[in-house]
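A quick write-up on the structure given underneath.
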Amino acid sequence: MHPHEVDLALTDGSSVRLPAGATGEELAAALGVDDAVAVRSGGTLVDLQVPLPETGPVELVRAGEPDGRSVLRHSTAHVLAQAVLDLWPGASFAIGPPIEDGFYYDFLLPGGAHFREEDLSRIEARMREIVGEAQPFERAELSIEEGLELFEAQPFKREIIEGVAAGPGASDAALEAEGVEGQRVSVYRNGPGFVDLCRGPHVPSTARLGSFRLLRTAGAYWRGDERRDQLQRIYGTAWESEEALAAHLERLAEAERRDHRRIGRELDLFSFPPELGPGLPVYHPKGARIRYEMEEFARRHHLEAGYELVATPHAARSSLFETSGHLGWYAESMFPGMEVEGVSYHLKPMNCPMHVLVYRSRARSYRELPLRLFELGTVYRFERSGVLHGLTRVRGFTQDDAHIFCAPGQLGAELAALLGFVLAMLGAFGLGEFEAELATRPEKSVGDPVDWAAAEAALRHALDVTGLPYRIAAGEGAFYAPKIDLHLRDAIGRRWQVSTLQVDLQLPQLFDLDFTGEDNGRHRPYMIHRALFGSVDRFLAILLEHYEGALPCWLSPVQAAVLPVGAAHEAYATDVAATLAARGVRAEVRAASESLGARIRDAKLAKIPWILVVGAEDVAGGSVGVNARGGARPERGVALSEAADRIAADATPPPLLPPQPAPGPAGRAPRTGVPAPRAGDGAG
RNA sequence: GCCCGGGUAGCUCAGUCGGCAGAGCAGCUCACUCGUAAUGAGCAGGUCAGGGGUUCGAGUCCCCUCUCGGGCUCCA
């Protein structure tokens with residue numbers, strides 16, 4: 001029996017009577033919790049084996065919660081390192097943190113060796129042996145000197161210890177997690193020969209691990225610095241149960257099925273002809289039709305929102321980009337110049353200098369402001385070859401770009417209205433879950449910090465008015481402007497950065513823009529850069545992945561397929577298609593050269609929202625058979641006029657909530673007024 | 001740009017030890033004229049990414065280049 005017992009307060013408000021000095025393991029036993037992996041005490045996580053503090057509430061961290069998964073993943077990463085060091089004697093190991101959905105570990109293999117895909121199964125087999133041996137994780141704390149001695153043969157570990165020992169500012173968060181704090185280093189041992197620098201906590205034993213999978217190998221620079229060693233990274237995933245692991249692997253398969261590059265090929269939307277060069281897409285008729293619908297929607301609503309259309313060329317004298325600062329700051333991201341008649345030209349990486357010239361083409365009055373210039377402008381950026389990715393990262397793309405020139409006093413209202421407009425537009429595409437980042441002045445920036453602060457305040461005000469959840473991304477603004485970056489989540493929870501709103505402090509000055517004020521004096525306008533889709537190309541890719549290719553009817557390149565049962569019904573099918581076309585529906589007749597079943601299958605695979613089957617009964621009765629995408633079962637004998645009504649309604653672009661000057665309580669207004677996302681199921 | 005792995009018919013892929021370049025789908029032709037996710041038969045389709053090398057002989061082995069994919073770095 002323990003000499004005395006204490007009442008231990010739990011975070012949920014209850015308490016448990018335990019012997020003094022009891023550990024997290026004993027607490028878990030007392031509570032009947034069998035999946036605890038750590039203890040949360042005073043905001044930090046500690047090992048289960050540590051005696052619980054008698055003051056302050058504590059809480060068990062269970063395997064399935066976010067922090068618990070991180071512990072599992074971190075522990076699994078240790079086992080990965082242990083396995084690799086077993087299999088490659090002389091290997092160096094660097095860092096191995098938990099990450100979203102998994103973990104990785106970086107190594108330098110002896111003799112400059114590299115991992116191969118087939119190594120993953122060997123390593124995984126060795127990891128499973130270690131798990132089978134139920135090795136305890138044991139924590140120890142050492143002095144800096146002891147740590148350096150322990151890791152004498154491990155240059156990366158020594159560098160971490162030395163870097164942190166050198167004092168604050170010499171470390172970063174990822175390295176801190178590796179277990180060096182102040183003048184102590186913590187290490188974890190498991191098994192006879194393995195010890196790693198680590199802050200912890202870890203599971204009590206490797207036996208608690210097992211639902212993991214190694215996924216891929218990759219190169220990764222030491223400390224993320226491309227001038228330093230490139231290490232060999234192994235990525236894996238780990239979960240609290242086989243079921244959770246299987247669910248994650250299924251999510252990966254789901255993402256694979258939604259890959260816009262695959263869908264683009266299967267639906268014949270676009271391609272990347274090698275003859276054009278990397279990162280330069282061509283849109284096929286169906287893909288171009290989708291773009292047309294997106295762009296028309298954008299143009300129409302911009303006009304309604306008080307924008308004016310402009311059009312500008314793809315190239316300009318290099319001197320323009322000297323003036324704008326692009327060649328000074330971002331020449332590396334621009335295509336090299338070309339010489340024409342002794343003058344250097346560049347492809348434009350952004351539209352703003354051109355729009356500035358439109359503004360400056362004549363004297364401007366305060367009466368004209370805010371002046372909102374909109375263009376679907378195609379820009380060219382020299383992206384490094386390794387970063388290109390489908391339509392989401394290309395070398396030539398079209399921005400739905402606008403520049404708003406306004407008087408200083410108009411900035412706040414303009415930004416707030418703009419943010420509402422952005423949310424309404426994106427909402428119309430069926431995307432509703434947004435998060436924002438306010439990116440503030442970076443280290444490398446131009447302009448007066450006072451102006452920066454004012455611009456940042458205006459952006460923050462717009463966010464507050466809109467009620468959008470946001471976080472501050474300190475120091476992540478563009479060199480010339482603070483900005484709001486808008487992110488959205490797609491149907492399977494992935495986050496995509498889309499819109500950007502920037503308050504430019506530089507261009508009006510560089511181009512010496514002005515307007516005549518009410519006071520007959522010259523004033524400098526503010527300039528807002530903004531793109532809603534960001535890139536039309538990239539936004540199309542996001543839509544394709546979000547909808548798995550089954551776009552809402554109004555965006556579908558073909559909205560209805562009319563299938564005659566036999567050749568005798570083809571004339572009627574043509575009439576049906578003409579009726580639909582008269583209602584503005586994009587309809588196609590697919591003649592009876594193949595079996596009806598095969599044509600239905602083709603239409604389904606092409607994700608056509610409405611399939612109309614017409615046979616003898618329909619010819620006689622003026623009806624159609626309706627097979628709607630996502631519908632429960634096909635209908636027979638629907639009157640043509642009724643079917644046309646339903647399809648025409650489905651094919652109509654959604655309404656857009658006008659920008660709201662005064663959003664309602666809790667700032668949900670921009671979303672509540674937006675029509676519910678069209679599931680693209682054609683249910684009419 | 002860097003690391004790793006790929007590139008064989010429009011697509012997905014097979015091709016053993018270096019010994020005649022294949023399949024399914026798609027395409028075309030013919031027959032079938034069909035009531036809600038694949039009718040049948042036939043035909044055609046290849047500079048095996050490109051170039052160089054080794055070899056009696058290269059899709060296969062070696063080198064270079066291009067390109068795609070996964071990462072890293074970058075992303076005004």
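These numbers were taken from a predicted model, which means no experiment stands behind them. Per chain, numbering begins at 1; letters A, B, ... match sequence-line order.
No salt bridge links A/K157 with A/E159; every basic N to acidic carboxylate O contact stays at or beyond 4.0 Å. Ion pair A/R599/A/D602 not flagged as a salt bridge, since none of the NZ, NE, NH1 or NH2 atoms sits closer than 4.0 Å to an Asp/Glu carboxylate oxygen. Salt bridge status for A/D259 with A/R261: present, with a side-chain N to carboxylate O gap under 4.0 Å. Residues A/R441 and A/E456 are not paired through a salt bridge, judged by the lack of any N-O separation under 4.0 Å between the basic side chain and the carboxylate.
Using a 4.0 Å heavy-atom criterion, one finds that A/G625 contacts the bases of the nucleic acid, with or without backbone contacts as well. A/I600 comes within contact range of at least one nucleobase, with a heavy-atom separation under 4.0 Å. A/R384 comes within 4.0 angstrom of a base, heavy atoms only. A/P274 comes within contact range of no nucleotide atom at all, as no heavy-atom separation falls under 4.0 Å. When heavy atoms are screened at a 4.0 angstrom cut-off, A/A567 is found touching base atoms of the nucleic acid.
Put simply, A/Y235 has a side-chain N or O that comes within less than 4.0 Å of OP1 or OP2 on B/C72. Considering only side-chain N and O atoms, A/R261 lies under 4.0 angstrom from the phosphate OP1 or OP2 of B/G69. Proximity of A/R265 to the phosphate of B/U12: a side-chain N or O atom is located under 4.0 Å from OP1 or OP2. When the side-chain nitrogen and oxygen atoms of A/S595 are compared with OP1 and OP2 of B/U39, one or more of them lie within a distance under 4.0 Å. Taking side-chain N and O atoms only, A/H389 has a distance below 4.0 Å to OP1 or OP2 of B/G70.
A distance of about 43 Å separates the P atoms of B/G5 and B/A41, rounded to the whole Å. Spacing of C1' atoms, B/U67 relative to B/C61, comes out at 22 Å, to the nearest Å. With C1' as the reference atom, B/C75 and B/A38 are 45 Å apart, rounded to whole Å. Of the P atoms belonging to B/G51 and B/G42, the separation is 36 Å, rounded to the nearest Å. Rounded to whole Å, the separation between the C1' atoms of B/G53 and B/A76 comes to 46 Å. Rounded to the nearest Å, the gap between the P atom of B/G10 and that of B/G6 is 23 Å. As rounded to the nearest Å, B/G45 and B/U8 have C1' atoms that lie 14 Å from one another. For the C1' atom pair drawn from B/U73 and B/C64, the interatomic distance equals 26 Å after rounding to whole Å.
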For residues 372-381 of chain A, which side-chain N or O atoms pair as donor and acceptor with protein atoms under 3.5 Å away, sequence neighbours left out?
unit_1 : atom_1 : unit_2 : atom_2 : d
A/R372 : NE     : A/E414 : OE2    : 2.6
A/R372 : NH1    : A/G306 : O      : 3.3
A/R372 : NH2    : A/E414 : OE1    : 3.1
A/R372 : NH2    : A/E414 : OE2    : 3.4
A/E375 : OE1    : A/T312 : OG1    : 2.8
A/E375 : OE1    : A/H355 : NE2    : 2.8
A/E375 : OE2    : A/T312 : N      : 2.8
A/E375 : OE2    : A/T312 : OG1    : 3.0
A/T378 : OG1    : A/T398 : OG1    : 2.9
A/Y380 : OH     : A/H314 : ND1    : 3.1
A/R381 : NE     : A/P349 : O      : 2.9
A/R381 : NH2    : A/P349 : O      : 3.1

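Under the Watson-Crick or G-U wobble criterion, with both distances below 3.5 Å, B/C25 is paired with B/G10. Applying the Watson-Crick and G-U wobble criteria (two distances, each under 3.5 Å), B/G5 pairs with B/C68. B/G35 is unpaired under the Watson-Crick or G-U wobble criterion, no partner having all donor-acceptor distances under 3.5 Å.
For A/D490 and A/W496, the side-chain atoms include at least one donor-acceptor pair closer than 3.5 Å.
Between the base of B/C74 and the side chain of A/R393 there is a donor-acceptor pair shorter than 3.5 Å.
As a whole-Å value, the separation of A/E266 CD from B/C25 C1' is 12 Å.
Panel note: side chain A/T500, backbone A/R530; no donor-acceptor pair is recorded below 3.5 Å.
Under the side chain to side chain donor-acceptor pair (under 3.5 Å) criterion, A/S92 pairs with no residue, sequence neighbours left out.
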Are there any protein N/O atoms within less than 3.5 Å of an N/O atom in nucleotides 2-4 of chain B, and if so, which ones and at what distance?
unit_1 : atom_1 : unit_2 : atom_2 : d
B/C2   : O4'    : A/Y221 : OH     : 3.4
B/C2   : O2'    : A/Q230 : OE1    : 2.3
B/C2   : O2     : A/Y221 : OH     : 3.3
B/C2   : O2     : A/Q230 : NE2    : 3.1
B/C3   : O4'    : A/Q230 : OE1    : 2.4
B/C3   : O2'    : A/Q232 : NE2    : 3.0
B/C3   : O2     : A/G219 : N      : 3.3
B/C4   : OP1    : A/H114 : NE2    : 2.9

